[in-house]
2 protein chains.
Amino acid sequence: MILKSQVEWALHCCAILAGLPEGRYLSTKALAEFHGLPKEYLSKALQSLSQAGLVDTTLGPSGGYRLARPPAELTFLDIVEAVEGKARTFVCNNIRENNPCRPQGYCESGPCPVARIMWEADEAWREKLRAVRLSDLTEALALDIPADLWKSSFEWVLERAG
Amino acid sequence: MILKSQVEWALHCCAILAGLPEGRYLSTKALAEFHGLPKEYLSKALQSLSQAGLVDTTLGPSGGYRLARPPAELTFLDIVEAVEGKARTFVCNNIRENNPCRPQGYCESGPCPVARIMWEADEAWREKLRAVRLSDLTEALALDIPADLWKSSFEWVLERAG
DNA sequence: TCTATTAAGGATATGAAATATCCCTATTCT
DNA sequence: AGAATAGGGATATTTCATATCCTTAATAGA
């Protein structure tokens, strides 16, 4: 069970978009080049963000993507779910129904206890992701990245932002 | 990102094994029939439990599986990891290395902040699974399942346990 | 108005992983 | 001796992630 690499891509792209000056857009092409990713496929991930309403887009030259909300109002969970989907990671196939001792026409009361426990763990994962804002990530990146690399990257992006 | 259905199978099978009297074994055939699962493929899941040391096995007629430890000393995480593997659900491909502004020969200090956050959520999921013992599941099942179905199921298993 | 550039999305190809079955071997019980 | 079992290798099938290509509509700038 491994998350799509598109999740990683989307998170990094959002981090870049978070640093864009008000009203500017950044294209798939620039984001793909900056991260060394296949442009066409990255485009699918960005479309997922767009469909989820996390980013705004505009067409034409100087078009591209920008965040739809301030970075403090975007959580990791928003981004992960936009790309990976909101479905739970544990699917209950209700195999207890196959119990040969089960009376004919018997109907289970609630969700299977196995599923209930697995879903609680799933929810703990989501809760953790919900607690991290995109702004937390940019703050962590600011500490992690040397000042000169941070600066040159920012300028690289600005040159390409429409 | 969805867990293998083998995880569900293994959890249900362990719940059955937890009810087995001391020293008795239950075969793949019986476990597959009880849950309505493909015997050959379920066998692979049980082999994973065996390789992880969670169950003991014995050969021959009246052979099969039993728990290697008391149900209170087996956690959900033990079982999930035995089948699904211990790898993290988020893989960091370190795409920050592709930053075109990155100086030649520059080496990242620690793990990528994005990965660090995703791994924390992953750990929260594991922590939750680690906190649930197999005995907790059997207790929940005892409350969930009507007494007569519980009893007839137990007898069904006993008849087939070697 | 014309041209270049963009996002959106459909179609399709490729690769890896989950799912499933089959068969052979060694072991153990009756 | 014979039957039933776990273990495990080989292989097929299906599903999904990954990836590319192409068309369309919108937009900016010349």
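In what follows, chains are A, B, ... by sequence order, proteins preceding strands, each numbered from 1.
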Base, sugar-phosphate, or nothing: which does B:Y65 touch, judged by heavy atoms less than 4.0 Å apart? sugar-phosphate
At 4.0 Å (heavy atoms only), tell me whether B:G64 reaches a base, stays on the sugar-phosphate, or touches nothing. sugar-phosphate
Does the side chain of [X] reach to within under 4.5 Å of the side chain of [Y], using non-hydrogen atoms?
X      : Y      : result
A:K128 : B:W125 : no
A:L26  : A:Y65  : no
A:C112 : A:W119 : no
A:V114 : B:H12  : yes

With distance as the sole test, does A:R24 use its side chain to make a donor-acceptor pair with the main-chain N or O of A:A161 at under 3.5 Å? yes
Linked, directly or transitively: B:L134 and B:Y25 (ILVMFWY side chains, under 4.5 Å): no
Test side-chain contact (heavy atoms from CB on, under 4.5 Å) on B:I2 and A:M1 and set out the steps. CA-CA 6 Å; B:I2 291 184; A:M1 186 190 60; 6.0 Å; no
[N] [atom2] sits how many Å from [X] [atom1], rounded?
X     : N      : atom1 : atom2 : result
A:M1  : C:dT19 : CE    : C1'   : 18 Å
A:Y25 : C:dA7  : OH    : P     : 11 Å
B:L26 : D:dA6  : CG    : C1'   : 13 Å
A:K29 : C:dA4  : NZ    : P     : 14 Å
B:Q6  : C:dA18 : CD    : P     : 9 Å

When you look at B:R69 and B:D78, which way does the salt bridge (Lys or Arg N to Asp or Glu O under 4.0 Å) test go after all the steps? CA-CA 12 Å; B:R69 304 200 289 268; B:D78 291 328; 3.3 Å; yes
Residues touching DNA chain C, which here means a heavy atom under 4.0 Å, drawn from residues 54-61 of chain B: B:L59, B:G60, B:P61
Please work out which residues in residues 38-50 of chain A have a non-hydrogen atom less than 4.0 Å from an atom of DNA chain C and list them by number. A:K44, A:Q47, A:S50
Closest approach of B:D144 and A:R96, non-hydrogen atoms and distance? OD2-NH1, 3.2 Å
When every non-hydrogen atom of A:A30 is compared with those of A:W156, the smallest separation belongs to O-CH2, 3.4 Å
Where each residue is assigned the nucleotide of DNA chain D containing its nearest heavy atom, which of A:S5 and B:S27 is assigned the position nearer the 5′ end? B:S27
Check against salt bridge (Lys or Arg N to Asp or Glu O under 4.0 Å), B:R88 and B:D122: CA-CA 7 Å; B:R88 290 163 163 148; B:D122 200 272; 5.8 Å; no
Does D:dG7 have its OP1 or OP2 closer than 4.0 Å to a side-chain nitrogen or oxygen of B:Q51? no
Protein-nucleic acid N or O pairs under 3.5 Å, nucleotides 11-16 of chain D:
none

